[in-house]
Amino acid sequence: MKKATCFSDRHYSIGRIDDKMYSSFTEHLGRCIYSGIYEPGHPAADEDGFRMDVMDLVKELNVPVLRYPGGNFVSCYDWHDGIGPKENRPKRMDYAWTSIETNEFGIDEFCKWAKKAGVEPMIAVNLGTGSIKDAGDLVEYCNHPGGTYWSDLRAKNGSPEPYNIKYWCLGNEMEGSWQAGHLSAEDYTKKAVEAAKIMRWVDPSIKLVACGSSYDMLPTYLEWDRVMLTDLYNEVDYLSTHNYTMNAGQGTANYEASYKQLDEHIKNSKTVIEYVKAKNHFQKDLKICLDEWNVWNFQDIKMNSLADLQGMTTFEMTSAGRWETAPSILQEKYSLLDAVVVGGLGITLLNNADSVEIACLAQLINVIAPITTVRGGGVYRQAIYHPFHMLSKYGRGIAMKAVVEAPTYSSNYGELNVVEPAVVYNEESREVRIFVLNCDENEDVELAINLQGYGDLKVKKHLTLCGENPEIINTIDEPENVTMKEVEVKAEKSVVLPKLSWNVVVLGK
């Protein structure tokens, strides 16, 4: 059996983990909203049409912030269509996903659902086809107490108290050719500066997220951020970026090593922030909002790799025709291997807690999601639900620096340790929680744990995500094919990590 050691010293930390690290994302795409969050007449629906079986799983994940309504959808969405009496709301073409949007569910319904679910909304405004005045009007509708046209209309529509939405995204992926109203960095900056100005005139307390480089294969990668931040830096609080991991036949070892690609991506965003700050003598710090991240294998889009995004203007689906209402699209079937990789990406987030404050798993329900529903029927946890749940449950506290001595393996990202850890110290419980990936496909690894300055802690619990068949998936009929398993603790200072596994190790008194 291979052997490795994880070292951590209480005196060396990365930074406090913000609870918003475990946020998520919902979009008017496929069945995320309709028959996901909202399905009037369903046996589990409440008086507002919200599926309570879904809400129970969302609450279990303890998601603090939820991004809405897009995504690509927002760049051709008129928020006015989703307010007022439902019988008067228009049906519209959604150009982003070639679907029909009924507008039965809008900003009021989302805020009501979010309050019931115990999550905080993060709203994206349309800076594609929308105007800067539309953005200001939406902030007024949501946050102004009353006595103006839009705030009084909110009250008339059933919500006399303001929603007091704190987090606002200035558009979505605006550098992408696939985006409705796609803009150059210079043109986006001009529009975003003016939108931010109006939005803050309405409510000076809001926090704004600038649209940064989405994907590293685009020719504008990082240069977009440099140009945009030069004029927008002092107007915003966060720089957005996105990152999807795709298993495109590169082999299991390279797929598992995707955590390293995400690490480089985050560090690139951090570097461009630091460069712009230093060059322009700006004083404040900007944090990263990774407001879309996940494994996305494009099982439903005609693409061979993420590089195909360059120059793409239309997404062609394989599971639905054009102009359907809430079609069953982008419903990835996640395997055990996908779940292990998602766990590895979570390790990277923890190890970048000093720069990433908000991270949104994309998406929450049905669309590339940890939760899948059946129309009129049940709901189940996809394989990737489990690492995200464990990260949210055990990954609160201070991210600590970790050093590993371990055998290595070769990957597309260089020579890497066969085990990759993230160490979290929870001050309240005085526990050390170690999240650790074993990338060896064939062999278990004995991991010795060497802690200094925490007191005499012992292994109390070991949870693992592993199995003999990495391609196995969960289904509505077999919902527990992939789940976390508790391993018997046999030693005080070490654990055995099963081959090809993602693990949570809890140490305490």
Side-chain angles (χ1 to χ4, degrees), residues 24-42 49 51 54 67-78 81-82 89-106 109-110 128-129 172-173 176-180 242 244 246-248 292 294-306 308-309 311-335 338 361-380 382-384 473-477:
S24 193
F25 170 40
T26 51
E27 182 174 358
H28 284 249
L29 194 179
R31 296 198 308 112
C32 183
I33 302 298
Y34 303 110
S35 76
I37 282 177
Y38 177 77
E39 190 174 356
H42 188 279
R51 286 190 56 162
V54 172
R67 183 168 174 251
Y68 171 89
N72 295 354
F73 172 81
V74 78
S75 291
C76 51
Y77 176 57
D78 186 342
D81 290 341
R89 299 183 190 181
K91 292 184 178 180
R92 301 284 194 194
M93 282 183 166
D94 166 33
Y95 305 138
W97 303 107
T98 58
S99 303
I100 297 298
E101 173 55 50
T102 66
N103 284 303
E104 294 173 61
F105 190 98
E109 286 78 19
F110 178 74
T129 61
N172 175 77
E173 296 184 357
S177 53
W178 58 88
Q179 209 67 214
H242 296 168
Y244 289 104
M246 184 178 185
N247 187 7
E292 292 185 29
N294 201 348
V295 163
W296 187 0
N297 290 319
F298 292 90
Q299 296 167 354
D300 193 28
I301 294 183
K302 294 182 179 179
M303 285 176 60
N304 294 317
S305 72
L306 284 168
D308 292 345
L309 286 171
M312 180 173 281
T313 60
T314 303
F315 293 108
E316 188 176 354
M317 307 295 165
T318 60
S319 63
R322 292 165 61 84
W323 313 121
E324 294 184 18
T325 299
S328 299
I329 56 176
L330 306 192
Q331 294 192 185
E332 295 268 315
K333 297 176 177 62
Y334 285 112
S335 68
D338 294 326
L361 183 73
Q363 295 183 20
L364 184 59
I365 303 158
N366 286 330
V367 174
I368 53 171
I371 300 170
T372 295
T373 71
V374 176
R375 284 187 214 262
V379 60
Y380 66 97
Q382 286 263 12
I384 64 168
I473 64 172
N474 290 343
T475 67
I476 191 66
D477 296 318

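On a predicted model such as this, the values are computed, not experimentally measured, just so you know.
- Remark: Tyr68 engages His28, Phe110 in a ring pair (Phe, Tyr, Trp, His ring centres under 6.0 Å) (not counting sequence neighbours).
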### Task
I would like to know whether Cys76 and Asp94 meet side chain to side chain contact (heavy atoms under 4.5 Å, CB included); could you show each step before the answer?
CA-CA 7 Å; Cys76 51; Asp94 166 33; 3.7 Å; yes
### Task
Would you check, one step at a time, whether the test side chain to side chain contact (heavy atoms under 4.5 Å, CB included) holds for Leu29 with Leu330?
CA-CA 9 Å; Leu29 194 179; Leu330 306 192; 3.7 Å; yes
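- Counting heavy atoms from C-beta outward, Asn297 and Asp338 have side chains that approach closer than 4.5 Å.
- Interatomic distance, Leu364 CG to Phe25 CZ, rounded to the nearest 0.5 Å: 11.0 Å.
- With Glu332 contributing its side chain and Gln299 its backbone, the two residues share a donor-acceptor pair below 3.5 Å.
- Scanning for side chain to side chain contact (heavy atoms under 4.5 Å, CB included) contacts around Thr102 gives Tyr34, Lys91, Glu104, Thr325, with sequence neighbours left out.
- Counting only distance, with no hydrogens or angles, the side chain of Ser24 and the backbone of Ala362 share no donor-acceptor pair below 3.5 Å.
- The heavy-atom pair separating Ser75 from Ala180 by the smallest distance is CB-O, 3.4 Å.
- One finds the CD atom of Gln179 at 10.0 Å from the OG1 atom of Thr129 (value rounded to the nearest 0.5 Å).
- Between Tyr95 and Trp323, the ring-plane angle classifies as perpendicular under the 30° and 60° cut-offs.
- Interatomic distance, OG1 of Thr98 versus CE of Met317, reported as 6.0 Å (0.5 Å rounding).
- Here salt bridge (Lys or Arg N to Asp or Glu O under 4.0 Å) pairs that include residues 25-39, with residues two or more places apart or in two chains, are Glu39-Arg51.
- Interatomic distance, Thr314 OG1 to Ile301 CD1, rounded to the nearest 0.5 Å: 11.5 Å.
- A donor-acceptor pair under 3.5 Å is absent between the side-chain atoms of Thr373 and the main chain of Val379, judged by distance alone.
- Side-chain atoms of Asn172 never come within 3.5 Å of backbone atoms of Val74 as a donor-acceptor pair (strictly under, hydrogens ignored).
- Side-chain contact between Pro327 and Ser99: present, with at least one pair of heavy atoms (C-beta onward) separated by less than 4.5 Å.
- Between Trp97 and Phe73, the ring centre distance reaches or exceeds 6.0 Å.
- With sequence neighbours left out, the side chain to side chain contact (heavy atoms under 4.5 Å, CB included) criterion links Thr318 to Asp300, Lys302.
- The line from CD1 of Ile368 to CD of Gln331 is 11.5 Å long, rounded to the nearest 0.5 Å.
- Partners of Thr372 according to the side chain to side chain contact (heavy atoms under 4.5 Å, CB included) rule, which considers only residues two or more places apart in sequence or in another chain, are Asn366, Tyr380, Gln382.
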### Task
Would you please test Tyr244 and Asn294 for side chain to side chain contact (heavy atoms under 4.5 Å, CB included) and show each step?
CA-CA 5 Å; Tyr244 289 104; Asn294 201 348; 4.2 Å; yes
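- Residues satisfying the side chain to side chain contact (heavy atoms under 4.5 Å, CB included) test with Asp81, not counting sequence neighbours, are Asp78, Pro90, Arg92, Asn103.
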